[in-house]
Amino acid sequence: MNIHRIVRDLVSTSRVPTLHGKSLRVVEDDSGDLEVALDPVGTRPGDFVITISTSAARHATGDYRITTDLTIGGIIDHWSEERWRD
Amino acid sequence: MNIHRIVRDLVSTSRVPTLHGKSLRVVEDDSGDLEVALDPVGTRPGDFVITISTSAARHATGDYRITTDLTIGGIIDHWSEERWRD
Amino acid sequence: MNIHRIVRDLVSTSRVPTLHGKSLRVVEDDSGDLEVALDPVGTRPGDFVITISTSAARHATGDYRITTDLTIGGIIDHWSEERWRD
Amino acid sequence: MNIHRIVRDLVSTSRVPTLHGKSLRVVEDDSGDLEVALDPVGTRPGDFVITISTSAARHATGDYRITTDLTIGGIIDHWSEERWRD
Amino acid sequence: MNIHRIVRDLVSTSRVPTLHGKSLRVVEDDSGDLEVALDPVGTRPGDFVITISTSAARHATGDYRITTDLTIGGIIDHWSEERWRD
(Lines give C-alpha, C1' and ligand atoms only; values in the text may rest on other atoms or scores of the structure.)
Protein backbone atom coordinates (compact mmCIF):
# COMPACT_ATOMS: atom_id res chain seq x y z
CA MET A 1 0.00 0.00 0.00
CA ASN A 2 1.09 3.57 -0.54
CA ILE A 3 0.92 6.76 1.46
CA HIS A 4 -1.01 9.58 -0.19
CA ARG A 5 -2.33 13.00 0.81
CA ILE A 6 -5.87 14.09 -0.10
CA VAL A 7 -5.82 17.07 -2.48
CA ARG A 8 -9.45 17.69 -3.47
CA ASP A 9 -12.65 16.05 -4.70
CA LEU A 10 -12.84 14.91 -8.30
CA VAL A 11 -16.01 15.75 -10.21
CA SER A 12 -16.94 13.50 -13.13
CA THR A 13 -20.53 13.67 -14.33
CA SER A 14 -20.12 11.19 -17.19
CA ARG A 15 -18.95 7.87 -15.71
CA VAL A 16 -19.19 4.15 -16.26
CA PRO A 17 -22.12 2.65 -14.27
CA THR A 18 -19.78 0.76 -11.95
CA LEU A 19 -18.48 4.06 -10.51
CA HIS A 20 -21.86 5.85 -10.22
CA GLY A 21 -22.41 7.70 -6.96
CA LYS A 22 -18.95 6.93 -5.55
CA SER A 23 -16.77 9.56 -3.86
CA LEU A 24 -13.55 10.09 -5.79
CA ARG A 25 -10.57 12.04 -4.46
CA VAL A 26 -7.51 13.43 -6.18
CA VAL A 27 -4.52 12.27 -4.12
CA GLU A 28 -0.81 13.07 -4.36
CA ASP A 29 2.25 11.06 -3.42
CA ASP A 30 5.49 12.38 -1.94
CA SER A 31 6.68 13.45 -5.40
CA GLY A 32 3.49 15.43 -6.04
CA ASP A 33 2.26 12.95 -8.65
CA LEU A 34 -1.54 12.87 -8.84
CA GLU A 35 -3.82 9.83 -8.87
CA VAL A 36 -7.54 9.31 -8.26
CA ALA A 37 -8.78 7.12 -5.39
CA LEU A 38 -12.21 5.93 -4.33
CA ASP A 39 -13.00 6.99 -0.76
CA PRO A 40 -15.11 4.63 1.40
CA VAL A 41 -13.69 6.12 4.63
CA GLY A 42 -14.64 9.81 4.50
CA THR A 43 -11.53 11.94 4.19
CA ARG A 44 -10.81 15.65 4.02
CA PRO A 45 -8.19 17.57 2.03
CA GLY A 46 -4.84 17.37 3.80
CA ASP A 47 -5.44 13.95 5.37
CA PHE A 48 -2.63 11.45 4.98
CA VAL A 49 -4.04 8.07 3.99
CA ILE A 50 -3.01 4.57 2.97
CA THR A 51 -4.18 3.55 -0.49
CA ILE A 52 -4.81 0.02 -1.74
CA SER A 53 -4.23 -0.91 -5.40
CA THR A 54 -4.81 -3.87 -7.77
CA SER A 55 -7.72 -6.29 -7.17
CA ALA A 56 -7.70 -5.58 -3.42
CA ALA A 57 -8.93 -2.05 -4.26
CA ARG A 58 -12.25 -3.44 -5.45
CA HIS A 59 -12.74 -5.65 -2.40
CA ALA A 60 -11.80 -2.82 0.00
CA THR A 61 -14.88 -0.87 -1.10
CA GLY A 62 -17.13 -3.54 0.41
CA ASP A 63 -18.52 -4.40 -3.05
CA TYR A 64 -16.08 -6.05 -5.45
CA ARG A 65 -18.21 -5.02 -8.46
CA ILE A 66 -17.08 -1.41 -8.00
CA THR A 67 -14.38 -0.94 -10.64
CA THR A 68 -11.68 0.99 -8.83
CA ASP A 69 -7.96 0.23 -8.96
CA LEU A 70 -7.12 2.54 -6.01
CA THR A 71 -9.11 2.74 -2.78
CA ILE A 72 -8.43 4.62 0.44
CA GLY A 73 -7.87 2.03 3.17
CA GLY A 74 -7.50 4.27 6.21
CA ILE A 75 -6.46 7.64 7.61
CA ILE A 76 -2.96 7.61 9.11
CA ASP A 77 -2.61 8.92 12.67
CA HIS A 78 0.37 11.13 13.52
CA TRP A 79 1.84 11.57 10.07
CA SER A 80 3.39 14.74 8.72
CA GLU A 81 5.15 15.97 5.65
CA GLU A 82 8.47 15.74 7.51
CA ARG A 83 7.95 12.06 8.25
CA TRP A 84 7.08 11.50 4.60
CA ARG A 85 10.45 12.79 3.47
CA ASP A 86 12.69 11.10 6.06
CA MET B 1 -6.93 5.54 -11.15
CA ASN B 2 -4.97 7.93 -13.30
CA ILE B 3 -5.74 11.16 -15.12
CA HIS B 4 -5.19 11.02 -18.88
CA ARG B 5 -5.97 13.24 -21.87
CA ILE B 6 -7.42 11.77 -25.07
CA VAL B 7 -5.01 12.17 -27.99
CA ARG B 8 -6.61 10.31 -30.92
CA ASP B 9 -8.27 7.08 -32.01
CA LEU B 10 -6.13 4.00 -32.43
CA VAL B 11 -6.71 1.91 -35.55
CA SER B 12 -5.82 -1.78 -35.37
CA THR B 13 -7.33 -4.01 -38.04
CA SER B 14 -5.64 -7.22 -36.87
CA ARG B 15 -6.69 -7.87 -33.25
CA VAL B 16 -7.33 -10.69 -30.83
CA PRO B 17 -11.04 -11.65 -30.85
CA THR B 18 -11.56 -10.35 -27.30
CA LEU B 19 -10.91 -6.77 -28.51
CA HIS B 20 -12.95 -6.94 -31.75
CA GLY B 21 -15.18 -3.95 -32.40
CA LYS B 22 -14.05 -2.01 -29.34
CA SER B 23 -13.15 1.67 -29.43
CA LEU B 24 -9.52 2.22 -28.52
CA ARG B 25 -8.00 5.63 -27.75
CA VAL B 26 -4.39 6.77 -27.50
CA VAL B 27 -4.13 8.67 -24.20
CA GLU B 28 -1.30 10.67 -22.65
CA ASP B 29 -0.39 11.35 -19.04
CA ASP B 30 1.03 14.57 -17.60
CA SER B 31 4.53 13.58 -18.80
CA GLY B 32 3.32 13.01 -22.37
CA ASP B 33 3.76 9.22 -22.10
CA LEU B 34 1.32 7.38 -24.35
CA GLU B 35 -0.90 4.41 -23.49
CA VAL B 36 -3.94 2.83 -25.13
CA ALA B 37 -7.31 2.71 -23.35
CA LEU B 38 -10.63 1.12 -24.18
CA ASP B 39 -13.42 3.70 -24.31
CA PRO B 40 -16.91 2.64 -23.14
CA VAL B 41 -17.89 6.26 -22.37
CA GLY B 42 -17.55 8.09 -25.70
CA THR B 43 -14.75 10.62 -25.51
CA ARG B 44 -13.26 13.19 -27.87
CA PRO B 45 -9.66 14.31 -28.37
CA GLY B 46 -8.70 16.79 -25.64
CA ASP B 47 -11.04 15.35 -22.98
CA PHE B 48 -9.47 14.77 -19.58
CA VAL B 49 -10.52 11.37 -18.25
CA ILE B 50 -9.95 8.97 -15.37
CA THR B 51 -8.53 5.62 -16.41
CA ILE B 52 -8.91 2.31 -14.59
CA SER B 53 -6.17 -0.34 -14.71
CA THR B 54 -5.60 -3.97 -13.63
CA SER B 55 -8.53 -6.42 -13.39
CA ALA B 56 -11.00 -3.58 -12.72
CA ALA B 57 -10.39 -2.44 -16.31
CA ARG B 58 -12.10 -5.54 -17.65
CA HIS B 59 -15.11 -5.22 -15.35
CA ALA B 60 -15.50 -1.49 -16.11
CA THR B 61 -16.31 -2.31 -19.74
CA GLY B 62 -19.51 -4.05 -18.64
CA ASP B 63 -18.21 -7.39 -19.93
CA TYR B 64 -15.28 -8.88 -18.02
CA ARG B 65 -14.35 -11.08 -21.02
CA ILE B 66 -13.05 -8.00 -22.85
CA THR B 67 -9.28 -8.19 -22.42
CA THR B 68 -8.28 -4.63 -21.66
CA ASP B 69 -5.89 -3.54 -18.91
CA LEU B 70 -6.86 0.16 -19.18
CA THR B 71 -10.41 1.46 -19.49
CA ILE B 72 -11.77 4.98 -19.45
CA GLY B 73 -13.94 5.34 -16.34
CA GLY B 74 -15.30 8.85 -16.81
CA ILE B 75 -14.79 12.32 -18.24
CA ILE B 76 -13.52 14.81 -15.66
CA ASP B 77 -15.48 18.06 -15.27
CA HIS B 78 -13.58 21.33 -14.85
CA TRP B 79 -10.05 20.07 -15.37
CA SER B 80 -7.31 21.89 -17.23
CA GLU B 81 -3.67 21.50 -18.05
CA GLU B 82 -2.82 24.02 -15.33
CA ARG B 83 -4.57 21.94 -12.69
CA TRP B 84 -2.72 18.87 -13.94
CA ARG B 85 0.64 20.45 -13.26
CA ASP B 86 -0.07 22.05 -9.86
CA MET C 1 -2.40 -1.12 -22.91
CA ASN C 2 1.01 -0.10 -24.19
CA ILE C 3 2.53 0.43 -27.60
CA HIS C 4 5.51 -1.80 -28.38
CA ARG C 5 7.62 -2.63 -31.43
CA ILE C 6 8.54 -6.24 -32.24
CA VAL C 7 12.31 -6.78 -32.03
CA ARG C 8 12.86 -10.51 -32.53
CA ASP C 9 11.76 -13.98 -31.48
CA LEU C 10 12.77 -15.25 -28.06
CA VAL C 11 14.07 -18.80 -27.87
CA SER C 12 13.68 -20.62 -24.56
CA THR C 13 14.00 -24.41 -24.66
CA SER C 14 13.55 -24.93 -20.91
CA ARG C 15 10.15 -23.52 -19.91
CA VAL C 16 7.34 -24.05 -17.44
CA PRO C 17 4.64 -26.32 -18.94
CA THR C 18 2.11 -23.48 -19.09
CA LEU C 19 4.24 -21.70 -21.73
CA HIS C 20 5.11 -24.79 -23.85
CA GLY C 21 4.77 -24.27 -27.59
CA LYS C 22 3.85 -20.60 -27.38
CA SER C 23 5.39 -17.93 -29.60
CA LEU C 24 7.31 -15.39 -27.55
CA ARG C 25 8.60 -12.07 -28.91
CA VAL C 26 11.10 -9.60 -27.54
CA VAL C 27 9.41 -6.18 -27.71
CA GLU C 28 10.69 -2.68 -27.01
CA ASP C 29 8.92 0.45 -25.81
CA ASP C 30 9.62 4.02 -26.89
CA SER C 31 12.57 4.20 -24.45
CA GLY C 32 14.13 1.03 -25.89
CA ASP C 33 13.33 -1.00 -22.75
CA LEU C 34 12.85 -4.68 -23.56
CA GLU C 35 10.06 -6.99 -22.42
CA VAL C 36 8.81 -10.39 -23.59
CA ALA C 37 5.27 -10.82 -24.94
CA LEU C 38 3.26 -13.83 -26.02
CA ASP C 39 2.08 -13.51 -29.63
CA PRO C 40 -1.33 -15.00 -30.55
CA VAL C 41 -1.67 -12.64 -33.56
CA GLY C 42 1.32 -13.46 -35.75
CA THR C 43 3.68 -10.49 -35.89
CA ARG C 44 6.94 -9.71 -37.66
CA PRO C 45 9.96 -7.72 -36.49
CA GLY C 46 9.28 -4.01 -36.87
CA ASP C 47 5.51 -4.24 -36.36
CA PHE C 48 4.02 -1.76 -33.92
CA VAL C 49 1.58 -3.53 -31.61
CA ILE C 50 -0.63 -2.97 -28.59
CA THR C 51 0.26 -5.12 -25.60
CA ILE C 52 -2.07 -6.23 -22.82
CA SER C 53 -0.78 -6.77 -19.27
CA THR C 54 -2.01 -8.13 -15.90
CA SER C 55 -4.72 -10.82 -15.77
CA ALA C 56 -6.17 -9.68 -19.11
CA ALA C 57 -2.97 -10.97 -20.74
CA ARG C 58 -3.92 -14.55 -19.91
CA HIS C 59 -7.48 -14.22 -21.19
CA ALA C 60 -6.30 -12.50 -24.41
CA THR C 61 -4.50 -15.70 -25.46
CA GLY C 62 -7.83 -17.52 -25.73
CA ASP C 63 -6.83 -19.87 -22.90
CA TYR C 64 -6.57 -18.30 -19.45
CA ARG C 65 -4.36 -21.19 -18.22
CA ILE C 66 -1.46 -19.84 -20.29
CA THR C 67 0.71 -18.00 -17.78
CA THR C 68 1.69 -14.82 -19.57
CA ASP C 69 1.60 -11.32 -18.07
CA LEU C 70 2.03 -9.58 -21.46
CA THR C 71 0.17 -10.54 -24.64
CA ILE C 72 0.07 -8.88 -28.04
CA GLY C 73 -3.48 -7.65 -28.60
CA GLY C 74 -3.23 -6.33 -32.13
CA ILE C 75 -1.06 -4.81 -34.85
CA ILE C 76 -1.44 -1.03 -35.10
CA ASP C 77 -2.24 0.39 -38.55
CA HIS C 78 -0.49 3.56 -39.70
CA TRP C 79 1.94 4.00 -36.84
CA SER C 80 5.52 5.18 -37.14
CA GLU C 81 8.44 6.03 -34.94
CA GLU C 82 7.70 9.73 -35.44
CA ARG C 83 4.19 9.33 -34.10
CA TRP C 84 5.58 7.41 -31.13
CA ARG C 85 7.74 10.32 -30.08
CA ASP C 86 5.25 13.18 -30.58
CA MET D 1 8.83 -10.08 -4.90
CA ASN D 2 10.81 -7.16 -3.57
CA ILE D 3 13.32 -6.67 -0.78
CA HIS D 4 12.30 -4.13 1.84
CA ARG D 5 13.55 -3.02 5.25
CA ILE D 6 11.11 -2.49 8.14
CA VAL D 7 11.05 1.15 9.26
CA ARG D 8 8.30 1.41 11.90
CA ASP D 9 4.72 0.52 12.73
CA LEU D 10 1.94 2.42 11.00
CA VAL D 11 -0.95 3.60 13.17
CA SER D 12 -4.32 4.12 11.48
CA THR D 13 -7.36 4.25 13.75
CA SER D 14 -9.89 4.88 10.99
CA ARG D 15 -9.72 1.97 8.53
CA VAL D 16 -11.87 -0.02 6.15
CA PRO D 17 -13.29 -3.13 7.90
CA THR D 18 -11.19 -5.48 5.76
CA LEU D 19 -8.00 -4.15 7.41
CA HIS D 20 -9.28 -4.04 11.01
CA GLY D 21 -6.88 -5.42 13.60
CA LYS D 22 -4.07 -6.11 11.13
CA SER D 23 -0.43 -5.17 11.79
CA LEU D 24 0.81 -2.66 9.25
CA ARG D 25 4.47 -1.69 8.79
CA VAL D 26 6.11 1.19 6.98
CA VAL D 27 8.80 -0.36 4.78
CA GLU D 28 11.50 1.20 2.60
CA ASP D 29 13.21 -0.03 -0.54
CA ASP D 30 16.85 0.46 -1.53
CA SER D 31 16.05 3.99 -2.78
CA GLY D 32 14.42 4.95 0.53
CA ASP D 33 10.93 5.03 -1.01
CA LEU D 34 8.25 4.20 1.57
CA GLU D 35 5.35 1.77 1.24
CA VAL D 36 3.00 0.11 3.74
CA ALA D 37 2.91 -3.70 4.12
CA LEU D 38 0.73 -6.05 6.12
CA ASP D 39 2.80 -8.18 8.48
CA PRO D 40 1.63 -11.77 9.14
CA VAL D 41 5.16 -12.88 10.11
CA GLY D 42 6.10 -10.70 13.08
CA THR D 43 8.94 -8.37 12.13
CA ARG D 44 10.98 -5.73 13.93
CA PRO D 45 12.39 -2.41 12.68
CA GLY D 46 15.59 -3.04 10.74
CA ASP D 47 14.61 -6.52 9.50
CA PHE D 48 15.15 -7.14 5.80
CA VAL D 49 12.10 -8.89 4.35
CA ILE D 50 10.63 -10.11 1.08
CA THR D 51 7.33 -8.47 0.16
CA ILE D 52 4.58 -9.93 -2.03
CA SER D 53 2.38 -7.69 -4.19
CA THR D 54 -0.75 -7.94 -6.41
CA SER D 55 -3.40 -10.61 -5.70
CA ALA D 56 -0.84 -12.92 -4.07
CA ALA D 57 -0.59 -10.36 -1.25
CA ARG D 58 -4.13 -11.16 -0.15
CA HIS D 59 -3.63 -14.92 -0.26
CA ALA D 60 -0.31 -14.67 1.65
CA THR D 61 -2.15 -13.36 4.71
CA GLY D 62 -3.95 -16.70 5.08
CA ASP D 63 -7.31 -15.02 4.43
CA TYR D 64 -7.85 -13.70 0.90
CA ARG D 65 -10.62 -11.36 2.11
CA ILE D 66 -7.99 -9.13 3.73
CA THR D 67 -7.55 -6.26 1.30
CA THR D 68 -3.81 -5.72 1.19
CA ASP D 69 -1.73 -5.23 -1.97
CA LEU D 70 1.61 -5.74 -0.15
CA THR D 71 2.29 -8.48 2.40
CA ILE D 72 5.50 -9.49 4.13
CA GLY D 73 6.36 -13.01 2.96
CA GLY D 74 9.43 -13.75 5.08
CA ILE D 75 12.44 -12.40 6.92
CA ILE D 76 15.66 -12.70 4.91
CA ASP D 77 18.60 -14.41 6.61
CA HIS D 78 22.09 -12.95 6.21
CA TRP D 79 21.21 -9.78 4.34
CA SER D 80 22.84 -6.40 4.83
CA GLU D 81 22.73 -2.94 3.38
CA GLU D 82 25.96 -3.67 1.51
CA ARG D 83 24.43 -6.67 -0.23
CA TRP D 84 21.42 -4.53 -1.16
CA ARG D 85 23.59 -2.11 -3.07
CA ASP D 86 25.86 -4.57 -4.86
CA MET E 1 7.34 -10.77 -19.05
CA ASN E 2 10.75 -9.44 -18.18
CA ILE E 3 14.31 -10.59 -18.75
CA HIS E 4 16.32 -11.16 -15.58
CA ARG E 5 19.68 -12.69 -14.68
CA ILE E 6 20.00 -15.05 -11.71
CA VAL E 7 22.26 -13.58 -9.00
CA ARG E 8 22.11 -16.02 -6.08
CA ASP E 9 19.80 -18.04 -3.85
CA LEU E 10 17.76 -16.22 -1.22
CA VAL E 11 17.64 -17.76 2.24
CA SER E 12 14.61 -16.98 4.41
CA THR E 13 14.00 -19.29 7.36
CA SER E 14 10.93 -17.45 8.67
CA ARG E 15 8.30 -17.43 5.91
CA VAL E 16 4.55 -17.45 5.42
CA PRO E 17 3.27 -21.05 5.00
CA THR E 18 2.34 -20.47 1.35
CA LEU E 19 6.06 -20.08 0.47
CA HIS E 20 7.40 -22.97 2.59
CA GLY E 21 9.93 -25.17 0.84
CA LYS E 22 10.04 -23.14 -2.36
CA SER E 23 13.27 -22.17 -4.12
CA LEU E 24 13.71 -18.41 -4.20
CA ARG E 25 16.32 -16.60 -6.33
CA VAL E 26 17.61 -13.05 -6.22
CA VAL E 27 17.41 -11.77 -9.81
CA GLU E 28 18.59 -8.54 -11.41
CA ASP E 29 17.32 -6.60 -14.41
CA ASP E 30 19.40 -4.70 -16.96
CA SER E 31 19.68 -1.73 -14.57
CA GLY E 32 20.99 -3.95 -11.76
CA ASP E 33 17.77 -3.59 -9.73
CA LEU E 34 17.15 -6.65 -7.55
CA GLU E 35 13.93 -8.63 -7.14
CA VAL E 36 13.11 -12.07 -5.75
CA ALA E 37 11.59 -14.77 -7.97
CA LEU E 38 10.28 -18.27 -7.28
CA ASP E 39 12.12 -20.87 -9.36
CA PRO E 40 10.14 -23.91 -10.60
CA VAL E 41 12.59 -24.49 -13.48
CA GLY E 42 15.95 -25.06 -11.80
CA THR E 43 18.32 -22.23 -12.63
CA ARG E 44 21.93 -21.40 -11.83
CA PRO E 45 23.60 -18.05 -11.12
CA GLY E 46 24.29 -16.25 -14.39
CA ASP E 47 21.38 -17.78 -16.31
CA PHE E 48 19.24 -15.31 -18.26
CA VAL E 49 15.56 -16.06 -17.67
CA ILE E 50 12.08 -14.77 -18.45
CA THR E 51 10.06 -13.83 -15.37
CA ILE E 52 6.27 -13.80 -15.05
CA SER E 53 4.51 -11.32 -12.75
CA THR E 54 0.99 -10.58 -11.42
CA SER E 55 -1.55 -13.42 -11.02
CA ALA E 56 0.11 -15.47 -13.77
CA ALA E 57 3.09 -15.88 -11.42
CA ARG E 58 1.02 -18.04 -9.09
CA HIS E 59 -0.37 -20.22 -11.87
CA ALA E 60 3.09 -20.66 -13.45
CA THR E 61 4.27 -22.54 -10.34
CA GLY E 62 1.81 -25.35 -11.06
CA ASP E 63 -0.09 -24.59 -7.84
CA TYR E 64 -1.97 -21.28 -7.75
CA ARG E 65 -2.05 -21.35 -3.93
CA ILE E 66 1.67 -20.51 -3.85
CA THR E 67 1.78 -16.80 -3.12
CA THR E 68 4.45 -15.50 -5.45
CA ASP E 69 4.17 -12.37 -7.59
CA LEU E 70 7.26 -13.23 -9.70
CA THR E 71 8.04 -16.69 -11.12
CA ILE E 72 10.76 -17.85 -13.48
CA GLY E 73 9.07 -18.99 -16.68
CA GLY E 74 12.05 -20.31 -18.64
CA ILE E 75 15.76 -20.10 -19.33
CA ILE E 76 16.59 -18.04 -22.41
CA ASP E 77 18.82 -19.70 -25.04
CA HIS E 78 21.56 -17.64 -26.71
CA TRP E 79 21.26 -14.48 -24.65
CA SER E 80 24.14 -12.32 -23.51
CA GLU E 81 24.75 -9.10 -21.70
CA GLU E 82 25.47 -7.40 -25.03
CA ARG E 83 22.09 -8.38 -26.40
CA TRP E 84 20.48 -7.06 -23.21
CA ARG E 85 21.89 -3.61 -23.79
CA ASP E 86 21.25 -3.28 -27.53
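Any value given below was found using the heavy atoms of this structure, including those in side chains, with hydrogens, waters and symmetry copies removed. Every chain is numbered from 1 and lettered A, B, ... according to where its sequence line falls, protein lines coming before strand lines.
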Nearest-0.5 Å distance that lies between atom [atom1] in [X] and atom [atom2] in [Y]:
X      : Y      : atom1 : atom2 : value
T71(A) : M1(B)  : OG1   : CE    : 6.5 Å
I76(B) : S14(A) : CD1   : OG    : 11.5 Å
I50(B) : L10(A) : CD1   : CG    : 6.0 Å
N2(B)  : L70(A) : CG    : CG    : 8.5 Å

- Query: What closest approach, in Å, do L34(A) and W79(B) show between heavy atoms, and which atom pair accounts for it?
  - Reply: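 Distance-wise, the nearest heavy atoms are CD1-CZ2, 4.2 Å.
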
| message | Tell me whether S12(A) contacts the main-chain N or O of I75(B) through its side chain, where contact means a donor paired with an acceptor under 3.5 Å. | response |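 Yes: the side chain of S12(A) pairs with the backbone of I75(B).
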
Next item on the list: Please state whether the side chain, the backbone, both or neither of T13(A) comes within less than 4.5 Å of a heavy atom of chain B.
Entry: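 For T13(A), heavy atoms of backbone and side chain both lie under 4.5 Å from chain B.
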
Heavy-atom proximity to chain B below 4.5 Å, by part of L24(A):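 Looking at L24(A), just its side chain touches chain B.
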
Check: Which one, V27(A), V16(A), V26(A), L19(A), leads in non-hydrogen pairs under 4.5 Å with chain B?
Finding: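 Going by pairs under 4.5 Å, I would pick V16(A).
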
Margin query: Does any backbone or side-chain atom of T51(B) lie under 4.5 Å from a heavy atom of chain A? Answer side chain, backbone, both or neither.
Written below: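 Contact with chain A is through the backbone of T51(B) alone.
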
T54(B) versus D69(A), side-chain donor and acceptor atoms under 3.5 Å
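The criterion, which ignores hydrogens and geometry beyond distance, is not satisfied for T54(B) and D69(A).
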
message: Looking only at the side chains, is there a donor atom on one of T67(A) and R58(B) sitting less than 3.5 Å from an acceptor on the other?
response: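 T67(A) vs R58(B): no donor-acceptor pair found between side chains.
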
